[in-house]
Amino acid sequence: MLELKKEKLPVREMIQKAMETLECSYAPYSNFKVAASLLTEDGVIYTGCNIENAAYSPGNCAERTAFFKAVSEGVREFAAICIVNEDEKGGHGICPPCGMCRQVMMEFCRPEEFYIILAADEAQYEIHTLAELFPMGFGPGSLKG
Ligand code: THU
């Protein structure tokens, strides 16, 4: 297993791919575009965007779109995810993952080793572990007593 260290993450490439994916975001209700790039342990990058819906609840976050694309193709080992956003004025800020997305990450990632890159642009970003953003999370191991 690759287990990339924080210093070796392809941060710039992940931010670029996430930024490009903002173009695919379907967010006519919130006007808040979100995109993610998800790095697998094999070094492949899957992207995802938020996909909203007129009935609101069926909408999906960018992070889960990326995870579900990868898992549905047989991938279950992940190293890092990068999240970017664009507001209705075209501004980019730091977009922390919602609780539901953190729970999905918890299913497939080792919390101490999975990195979450929150990027405003290529120069302004922060890197956290899932353990930092989702302490004492309930995961597959919790079912084993
Ligand atoms: N959103 C994401 O895609 N990821 C997050 O982590 C936070 C929120 C989306 C959901 C919705 O389409 C829009 O941002 C506003 O909440």
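Counting convention: from 1, in listed order, for ligands and their atoms alike. This one's a predicted model, so the numbers in the text were calculated from it and none came from an experiment.
The two residues P97 and L118 come nearest to each other via the heavy atoms CD-CD2, 3.9 Å.
For the pair T129 (side chain) and F114 (backbone), a donor-acceptor distance under 3.5 Å is absent.
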Tabulating one pair per line, provide the atom names and distances (0.1 Å) for every N/O atom of ligand 1 that is less than 3.5 Å from a protein N/O atom.
{"unit_1": "ligand 1", "atom_1": "3 (O)", "unit_2": "A62", "atom_2": "N", "d": "2.9"}
{"unit_1": "ligand 1", "atom_1": "4 (N)", "unit_2": "E63", "atom_2": "OE1", "d": "2.8"}
{"unit_1": "ligand 1", "atom_1": "4 (N)", "unit_2": "E63", "atom_2": "OE2", "d": "3.4"}
{"unit_1": "ligand 1", "atom_1": "6 (O)", "unit_2": "E63", "atom_2": "OE1", "d": "3.4"}
{"unit_1": "ligand 1", "atom_1": "6 (O)", "unit_2": "E63", "atom_2": "OE2", "d": "2.5"}
{"unit_1": "ligand 1", "atom_1": "6 (O)", "unit_2": "C98", "atom_2": "N", "d": "3.1"}
{"unit_1": "ligand 1", "atom_1": "12 (O)", "unit_2": "N50", "atom_2": "ND2", "d": "3.0"}
{"unit_1": "ligand 1", "atom_1": "12 (O)", "unit_2": "E52", "atom_2": "OE2", "d": "2.5"}

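Ring centers of Y46 and F67: at least 6.0 Å apart, outside the cut-off.
Both V11 and M19 are part of a single hydrophobic cluster, where members link through side-chain heavy atoms under 4.5 Å apart.
Aromatic ring orientation, Y56 versus Y29: tilted (interplanar angle from 30° to 60°).
Under the side-chain contact (heavy atoms from CB on, under 4.5 Å) criterion, D121 pairs with A123, Q124, sequence neighbours left out.
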